[in-house]
Engineer: 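I have a structure I would like to understand better, so I am pasting it below and will then ask my questions one at a time.
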Amino acid sequence: MNDPDCIFCKIIAGEIPSSKVYEDETLFAFKDIQPVAPVHILIVPKKHIPGVNEFSPEDEPIAGKLFSAARKIAADQGVAGDGYRLVVNTGKHGRQSVDHLHLHLIGGKRLEVSLG
Ligand code: DGP
(Lines give C-alpha, C1' and ligand atoms only; values in the text may rest on other atoms or scores of the structure.)
Protein backbone atom coordinates (compact mmCIF):
# COMPACT_ATOMS: atom_id res chain seq x y z
CA MET A 1 0.00 0.00 0.00
CA ASN A 2 1.18 3.49 -0.82
CA ASP A 3 -0.27 5.44 2.11
CA PRO A 4 -1.67 3.47 5.03
CA ASP A 5 -3.88 6.40 6.03
CA CYS A 6 -5.47 6.82 2.58
CA ILE A 7 -8.98 5.45 2.11
CA PHE A 8 -8.52 4.95 -1.64
CA CYS A 9 -5.21 3.09 -1.08
CA LYS A 10 -7.15 0.81 1.28
CA ILE A 11 -9.83 0.27 -1.38
CA ILE A 12 -7.18 -0.54 -3.99
CA ALA A 13 -5.57 -3.00 -1.56
CA GLY A 14 -8.95 -4.65 -0.90
CA GLU A 15 -8.89 -3.67 2.76
CA ILE A 16 -12.08 -1.66 2.32
CA PRO A 17 -14.76 -3.21 0.10
CA SER A 18 -15.85 -1.45 -3.06
CA SER A 19 -17.87 -2.14 -6.18
CA LYS A 20 -15.02 -2.52 -8.65
CA VAL A 21 -15.77 -1.91 -12.30
CA TYR A 22 -12.25 -1.90 -13.78
CA GLU A 23 -8.65 -2.68 -12.88
CA ASP A 24 -5.34 -2.82 -14.71
CA GLU A 25 -1.71 -2.54 -13.65
CA THR A 26 -1.95 1.26 -13.27
CA LEU A 27 -5.56 2.06 -12.38
CA PHE A 28 -8.48 0.95 -10.22
CA ALA A 29 -12.09 2.05 -10.74
CA PHE A 30 -15.12 1.61 -8.50
CA LYS A 31 -18.60 3.01 -7.87
CA ASP A 32 -18.78 6.21 -5.83
CA ILE A 33 -20.40 5.61 -2.45
CA GLN A 34 -22.40 8.86 -2.82
CA PRO A 35 -23.53 8.79 -6.46
CA VAL A 36 -24.87 12.01 -7.95
CA ALA A 37 -26.17 10.28 -11.09
CA PRO A 38 -27.13 6.74 -12.17
CA VAL A 39 -23.53 6.16 -13.25
CA HIS A 40 -20.85 7.59 -10.93
CA ILE A 41 -17.49 5.89 -11.09
CA LEU A 42 -14.18 6.93 -9.52
CA ILE A 43 -11.08 6.10 -11.56
CA VAL A 44 -7.92 6.26 -9.46
CA PRO A 45 -4.23 5.62 -10.06
CA LYS A 46 -2.85 2.82 -7.92
CA LYS A 47 0.07 5.13 -7.17
CA HIS A 48 -0.74 7.45 -4.27
CA ILE A 49 -0.70 10.90 -5.86
CA PRO A 50 -2.55 13.28 -3.50
CA GLY A 51 -3.92 15.51 -6.24
CA VAL A 52 -3.22 17.46 -9.42
CA ASN A 53 -0.84 19.79 -7.55
CA GLU A 54 1.38 16.82 -6.76
CA PHE A 55 1.19 15.37 -10.29
CA SER A 56 4.76 15.22 -11.65
CA PRO A 57 6.14 14.95 -15.18
CA GLU A 58 6.99 11.30 -14.51
CA ASP A 59 3.28 10.71 -13.85
CA GLU A 60 2.22 11.92 -17.31
CA PRO A 61 1.58 8.41 -18.69
CA ILE A 62 -1.01 7.97 -15.93
CA ALA A 63 -3.04 10.89 -17.32
CA GLY A 64 -3.32 9.22 -20.71
CA LYS A 65 -4.33 5.95 -19.10
CA LEU A 66 -7.00 7.71 -17.05
CA PHE A 67 -8.65 9.01 -20.23
CA SER A 68 -8.38 5.66 -22.00
CA ALA A 69 -9.94 3.92 -19.01
CA ALA A 70 -12.69 6.55 -18.85
CA ARG A 71 -13.54 5.88 -22.49
CA LYS A 72 -13.65 2.12 -21.91
CA ILE A 73 -15.64 2.34 -18.67
CA ALA A 74 -18.14 4.77 -20.22
CA ALA A 75 -18.75 2.27 -23.02
CA ASP A 76 -19.03 -0.62 -20.56
CA GLN A 77 -21.50 1.35 -18.43
CA GLY A 78 -23.61 2.22 -21.48
CA VAL A 79 -23.18 6.00 -21.29
CA ALA A 80 -20.73 6.63 -24.14
CA GLY A 81 -23.44 7.44 -26.66
CA ASP A 82 -25.42 9.97 -24.63
CA GLY A 83 -22.33 11.42 -23.00
CA TYR A 84 -21.02 11.98 -19.53
CA ARG A 85 -18.92 14.33 -17.42
CA LEU A 86 -15.34 13.81 -16.20
CA VAL A 87 -14.40 15.82 -13.09
CA VAL A 88 -11.20 16.20 -11.07
CA ASN A 89 -11.75 18.20 -7.90
CA THR A 90 -8.59 19.84 -6.54
CA GLY A 91 -7.97 21.33 -3.13
CA LYS A 92 -10.25 23.22 -0.77
CA HIS A 93 -11.95 25.48 -3.29
CA GLY A 94 -12.31 22.55 -5.67
CA ARG A 95 -13.99 20.61 -2.84
CA GLN A 96 -11.60 17.69 -3.05
CA SER A 97 -12.48 15.50 -0.06
CA VAL A 98 -10.16 12.52 -0.62
CA ASP A 99 -6.48 13.33 -1.12
CA HIS A 100 -5.78 10.60 -3.66
CA LEU A 101 -6.07 11.75 -7.26
CA HIS A 102 -9.30 10.55 -8.85
CA LEU A 103 -11.38 11.12 -11.94
CA HIS A 104 -15.16 11.18 -11.47
CA LEU A 105 -17.05 9.65 -14.41
CA ILE A 106 -20.65 10.82 -14.09
CA GLY A 107 -23.49 9.98 -16.46
CA GLY A 108 -26.72 8.17 -17.08
CA LYS A 109 -28.83 11.34 -17.01
CA ARG A 110 -28.68 14.83 -18.48
CA LEU A 111 -26.52 16.69 -15.96
CA GLU A 112 -27.02 20.17 -14.56
CA VAL A 113 -25.35 23.03 -16.42
CA SER A 114 -23.70 24.50 -13.34
CA LEU A 115 -20.19 23.46 -12.40
CA GLY A 116 -19.76 26.16 -9.79
P1 DGP B 1 -13.89 14.36 -4.12
O2 DGP B 1 -14.88 15.23 -3.40
O3 DGP B 1 -13.65 14.80 -5.56
O4 DGP B 1 -12.62 14.19 -3.33
O5 DGP B 1 -14.60 12.94 -4.24
C6 DGP B 1 -14.41 11.91 -3.33
C7 DGP B 1 -15.50 10.91 -3.59
O8 DGP B 1 -15.15 9.70 -2.93
C9 DGP B 1 -16.88 11.30 -3.05
O10 DGP B 1 -17.78 11.47 -4.14
C11 DGP B 1 -17.31 10.13 -2.18
C12 DGP B 1 -16.32 9.06 -2.53
N13 DGP B 1 -15.95 8.20 -1.43
C14 DGP B 1 -15.43 8.59 -0.24
N15 DGP B 1 -15.21 7.52 0.54
C16 DGP B 1 -15.55 6.43 -0.19
C17 DGP B 1 -15.54 5.04 0.07
O18 DGP B 1 -15.14 4.56 1.14
N19 DGP B 1 -15.99 4.22 -0.91
C20 DGP B 1 -16.44 4.70 -2.12
N21 DGP B 1 -16.87 3.82 -3.03
N22 DGP B 1 -16.46 6.02 -2.40
C23 DGP B 1 -16.03 6.86 -1.45
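The structure displayed is predicted, hence computed values, not measured ones. Remember, it's 1-based here, ligands and their atoms both numbered in the order they're listed. Numbers here are sequence positions counted from 1.
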Engineer: Hey, do the aromatic rings of H100 and H102 have their centres closer than 6.0 Å?
Structural biologist: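 No.
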Engineer: Where is the nearest protein heavy atom to atom 21 (N) of ligand 1: which residue, which atom, and how far?
Structural biologist: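 For atom 21 (N) of ligand 1, the nearest protein heavy atom is K31 O, 2.8 Å.
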Engineer: Is the shortest distance from a heavy atom of D99 to ligand 1 less than 4.0 Å?
Structural biologist: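 No heavy atom of D99 comes that close to ligand 1.
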Engineer: Please find the pair of heavy atoms, one from I41 and one from A29, that lie closest to each other, and give the distance.
Structural biologist: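 I41 and A29 have their closest heavy atoms at CG2-CB, 4.0 Å.
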Engineer: Work out which heavy atom in A70 is nearest to a heavy atom in Y84; give both atom names and the distance.
Structural biologist: O-OH, 4.3 Å
Engineer: Check this for me - ligand 1, N89, N or O atoms closer than 3.5 angstrom, yes or no?
Structural biologist: yes
Engineer: Taking only heavy atoms of Q96 into account, list the atoms of ligand 1 that are under 4.0 Å away from them.
Structural biologist: 4 (O)
Engineer: Which atoms from ligand 1 have a heavy atom of Q34 less than 4.0 Å away?
Structural biologist: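 It comes down to these atoms of ligand 1: 11 (C).
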Engineer: In chain order, what residues pass the side chain to side chain donor-acceptor pair (under 3.5 Å) check against N89, with sequence neighbours excluded?
Structural biologist: none
Engineer: Atom 14 (C) of ligand 1: which protein heavy atom is closest, and how many Å away?
Structural biologist: V98 CG2, 4.1 Å
Engineer: Can you check which of I33, D32, T90 brings a heavy atom nearest to atom 10 (O) of ligand 1?
Structural biologist: D32
Engineer: Below the 3.5 angstrom mark, is there an N/O of I16, backbone or side chain, next to an N/O of ligand 1?
Structural biologist: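 N/O-N/O distance below 3.5 Å does not exist for this pair.
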Engineer: K72: which residues meet the salt bridge (charged side-chain N to carboxylate O under 4.0 Å, His left out) condition with it, sequence neighbours left out?
Structural biologist: D76
Engineer: Quick one: look up the protein heavy atom nearest atom 4 (O) of ligand 1 and list residue, atom name and how far away it is.
Structural biologist: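 Minimum-distance protein heavy atom for atom 4 (O) of ligand 1 reads S97 N, 2.7 Å.
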Engineer: Provide the closest heavy-atom pair for S18 versus I11 in the form atom of the first, atom of the second, distance.
Structural biologist: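 Where S18 meets I11 most closely, the heavy atoms are OG-CG2, 3.5 Å.
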Engineer: Less than 3.5 Å between some nitrogen or oxygen of H40 and one of ligand 1, yes or no?
Structural biologist: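 Such a contact does not occur with ligand 1.
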Engineer: How close do Q96 and G51 get, heavy atom to heavy atom, and via which atoms?
Structural biologist: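 Nearest heavy atoms, Q96 then G51: NE2-CA, 4.1 Å.
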Engineer: Salt bridge between E25 and K46, side-chain N to carboxylate O under 4.0 Å?
Structural biologist: no
Engineer: Please report the shortest heavy-atom distance between I43 and A69, naming the atom on each side.
Structural biologist: CG2-CB, 4.3 Å
Engineer: Looking only at protein heavy atoms, identify the closest one to atom 18 (O) of ligand 1 and say how far it is in Å.
Structural biologist: I7 CD1, 3.5 Å
Engineer: Look at atom 1 (P) of ligand 1 and say which protein heavy atom is nearest, naming residue and atom and giving the distance to 0.1 Å.
Structural biologist: H102 NE2, 3.1 Å
Engineer: Which heavy atom of L66 sits nearest to which heavy atom of L103, and what is that distance?
Structural biologist: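 Distance-wise, the nearest heavy atoms are O-CD2, 3.9 Å.
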Engineer: For ligand 1, which part of V88 has a heavy atom less than 4.0 Å away: the side chain, the backbone, both, or neither?
Structural biologist: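 V88 to ligand 1: no contact under 4.0 Å from either part.
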Engineer: In the protein, what heavy atom is nearest to atom 19 (N) of ligand 1, and what distance, to one decimal place, separates them?
Structural biologist: I11 CD1, 3.6 Å
Engineer: Please confirm whether H104 comes within less than 3.5 Å of ligand 1 when only nitrogen or oxygen atoms on both sides are compared.
Structural biologist: yes
